[in-house]
2 protein chains.
Amino acid sequence: MKKEELLKKIGEQIRVIRIEKGLTQKQLAHLIGKDQQSIQRLEAGNINPSYIYLCEIADGLNISLLDILNSLPT
Amino acid sequence: MKKEELLKKIGEQIRVIRIEKGLTQKQLAHLIGKDQQSIQRLEAGNINPSYIYLCEIADGLNISLLDILNSLPT
DNA sequence: ATATCGCACAACGGATACGTTGTATTGAGC
DNA sequence: GCTCAATACAACGTATCCGTTGTGCGATAT
């Protein structure tokens, strides 16, 4: 699968989960010491987040990274 | 969990799976268009690999990223 | 009309990943 | 002894991530 697709899909999935949790981009960002723009780029698939970054996101969403990847559309 | 621990654990897990598959660092590297030193740093936990990088590693190991994360020691 | 909120996009800069090269170490085998 | 394979470590350059700042746009509320 193409790199851009992978980033788009995980970004969309993170957005879905964030909204399920009732959080705004800003709220999620502040939970993990980042800013809203960082979350925006991540959700838009504009960046290739590091492993640690993904772990932090999962932490902010109060789920495991496995849960995020598990629910990815194939 | 500390960042260094997370990187060490996923690195060790990748090493375990690589060896299970009977591959050397160099062989795995060449499968995904990288060099041996990159794999060495990844397995040693010296770098914070990107999502795409992890997907490539999983691809080279012929498993899914989920399988790698699933078997991580807690 | 104006303010506020959520989201998107661009540019800058510091930090870091990654490829490359070179070198060292260890162990197996001749 | 020597050679080769596998792994590890360091340094350099380039590319990219990520935080920050600023701007803009639509929707809603006052």
Side-chain angles (χ1 to χ4, degrees), chain A residues 1-65 68-69 71-73, chain B residues 1-65 68-69 71-73:
Chain A
M1 190 188 297
K2 273 231 260 314
K3 168 183 170 178
E4 296 80 24
E5 291 179 48
L6 286 169
L7 297 180
K8 238 181 207 339
K9 290 199 177 183
I10 195 168
E12 289 169 2
Q13 186 52 36
I14 288 169
R15 167 169 301 171
V16 166
I17 297 173
R18 171 180 63 79
I19 294 178
E20 276 177 11
K21 301 278 181 176
L23 295 171
T24 68
Q25 290 180 344
K26 193 177 197 174
Q27 287 170 334
L28 172 57
H30 287 11
L31 278 177
I32 56 177
K34 305 194 182 301
D35 65 356
Q36 177 260 331
Q37 280 75 3
S38 286
I39 307 298
Q40 192 274 327
R41 281 179 295 193
L42 172 65
E43 293 185 352
N46 292 331
I47 61 168
N48 181 11
S50 70
Y51 176 58
I52 296 297
Y53 194 89
L54 291 176
C55 289
E56 290 170 344
I57 290 288
D59 199 53
L61 292 172
N62 208 31
I63 61 178
S64 81
L65 180 51
I68 296 178
L69 298 178
S71 45
L72 274 184
Chain B
M1 190 188 299
K2 274 234 263 308
K3 167 182 170 178
E4 297 79 24
E5 290 179 48
L6 287 169
L7 296 180
K8 237 177 208 341
K9 289 197 177 184
I10 194 168
E12 288 170 2
Q13 187 52 36
I14 288 169
R15 167 170 300 171
V16 165
I17 297 174
R18 172 180 61 80
I19 294 177
E20 276 177 11
K21 302 276 181 176
L23 296 170
T24 67
Q25 291 180 343
K26 193 177 198 175
Q27 287 170 334
L28 173 57
H30 287 11
L31 278 177
I32 56 177
K34 306 195 181 302
D35 66 356
Q36 177 259 330
Q37 280 74 3
S38 285
I39 307 297
Q40 193 274 326
R41 281 180 294 194
L42 172 64
E43 292 185 351
N46 292 330
I47 60 169
N48 180 10
S50 71
Y51 177 58
I52 295 297
Y53 193 90
L54 291 176
C55 289
E56 291 170 345
I57 290 288
D59 198 53
L61 292 172
N62 208 31
I63 61 177
S64 81
L65 181 50
I68 296 178
L69 297 178
S71 45
L72 275 185

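Source: prediction; values computed, not measured. Proteins come first, then strands; the chains are lettered A, B, ... in the order of their sequence lines, and each starts at number 1. Atom set for the values below is all heavy atoms of this structure, side chains included, hydrogens, waters and symmetry mates excluded.
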Colleague: Distance check needed: C:dA8 C1' versus A:Lys8 NZ, whole Å only.
Modeller: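 That distance rounds to 12 Å.
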
Colleague: Could you list by number each residue of residues 41-57 of chain A showing a heavy-atom separation from DNA chain D of less than 4.0 Å, or answer none if no residue does?
Modeller: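 Hits under 4.0 Å, by residue number: A:Arg41, A:Ile47, A:Asn48, A:Pro49, A:Ser50, A:Tyr53.
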
Colleague: side-chain contact (heavy atoms from CB on, under 4.5 Å), that's the test. Do B:Gln36 and B:Gln40 meet it? Break it down for me.
Modeller: CA-CA 6 Å; B:Gln36 177 259 330; B:Gln40 193 274 326; 4.0 Å; yes

Colleague: Quick one: are A:Leu54 and B:Leu54 in side-chain contact, heavy atoms under 4.5 Å?
Modeller: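 No - every pair of side-chain heavy atoms lies 4.5 Å or more apart.
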
Colleague: Give me the atom names and distance for the closest heavy-atom approach of A:Ser50 to B:Asn48.
Modeller: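 Where A:Ser50 meets B:Asn48 most closely, the heavy atoms are OG-ND2, 2.9 Å.
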
Colleague: Which residues within residues 21-29 of chain B lie with some heavy atom under 4.0 Å of an atom in DNA chain D?
Modeller: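 Hits under 4.0 Å, by residue number: B:Thr24, B:Gln25.
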
Colleague: Report the distance from atom CD of B:Gln40 to atom C1' of C:dG19, rounded to the nearest whole Å.
Modeller: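 Those two atoms, CD and C1', are 14 Å apart.
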
Colleague: How many Å lie between CZ on B:Arg18 and C1' on D:dA8, as a whole number?
Modeller: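 Whole-Å distance recorded here is 12 Å.
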
Colleague: When every nucleotide of nucleotides 21-30 of chain D is labelled 5' to 3' by its protein contacts under 4.0 Å (heavy atoms), B for base, S for sugar-phosphate only, - for none, what sequence of letters results?
Modeller: BB--------

Colleague: Would you check if A:Ile57 and A:Ile39 make a side-chain contact, meaning some heavy-atom pair closer than 4.5 Å?
Modeller: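 Side chain of A:Ile57 against side chain of A:Ile39, heavy atoms only: contact under 4.5 Å found.
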
Colleague: Would you say a side-chain N or O of B:Arg15 is under 4.0 Å from OP1 or OP2 of D:dA6?
Modeller: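 Looking at the OP1 and OP2 atoms of D:dA6, neither is under 4.0 Å from any side-chain N or O of B:Arg15.
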
Colleague: Using the side chain to side chain contact (heavy atoms under 4.5 Å, CB included) criterion, which residues pair with B:Ile63? Sequence neighbours excluded.
Modeller: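 Scan of B:Ile63 (side chain to side chain contact (heavy atoms under 4.5 Å, CB included), adjacent residues dropped) gives B:Ile17, B:Lys21, B:Leu61, B:Asp67, B:Ile68.
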
Colleague: Can you confirm whether A:Leu69 sits close enough to B:Tyr51 that some side-chain heavy atom of one is under 4.5 Å from a side-chain heavy atom of the other?
Modeller: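 Sidechains of B:Tyr51 and A:Leu69: in contact.
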
Colleague: Step through the shown structure and confirm whether more than 12 heavy atoms of other residues, nucleotides or ligands are within 6.0 Å of CG on A:Asn46.
Modeller: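 Yes, enclosed.
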
Colleague: Got a sec, which pairs hit salt bridge (Lys or Arg N to Asp or Glu O under 4.0 Å) with one end in residues 33-57 of chain A, sequence neighbours left out?
Modeller: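 Pairs touching residues 33-57 of chain A that pass the test: A:Arg15-A:Glu43, A:Arg18-A:Glu43, A:Lys34-A:Glu56.
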
Colleague: How would you list, by chain and number, every residue that makes a side chain to side chain contact (heavy atoms under 4.5 Å, CB included) with A:Glu5, sequence neighbours excluded?
Modeller: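 By the side chain to side chain contact (heavy atoms under 4.5 Å, CB included) rule, A:Glu5 matches A:Met1, A:Lys2.
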
Colleague: How close do A:Ala58 and A:Ser64 get, counting heavy atoms only, and between which atoms?
Modeller: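 Shortest heavy-atom contact: CB-C, 3.8 Å.
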
Colleague: Report yes if a side-chain nitrogen or oxygen of A:Ser38 is closer than 4.0 Å to either non-bridging phosphate oxygen (OP1 or OP2) of D:dC18; otherwise report no.
Modeller: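 False: A:Ser38 side-chain N/O out of range (4.0 Å or more) of D:dC18 OP1/OP2.
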
Colleague: Can you confirm whether A:Lys9 sits close enough to A:Gln13 that some side-chain heavy atom of one is under 4.5 Å from a side-chain heavy atom of the other?
Modeller: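 In short, these two side chains do not touch, never coming nearer than 4.5 Å.
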
Colleague: What is the distance, to the nearest angstrom, from the NZ atom on A:Lys34 to the P atom on D:dC17?
Modeller: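 The distance from NZ of A:Lys34 to P of D:dC17 comes to 14 Å, rounded to the nearest Å.
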
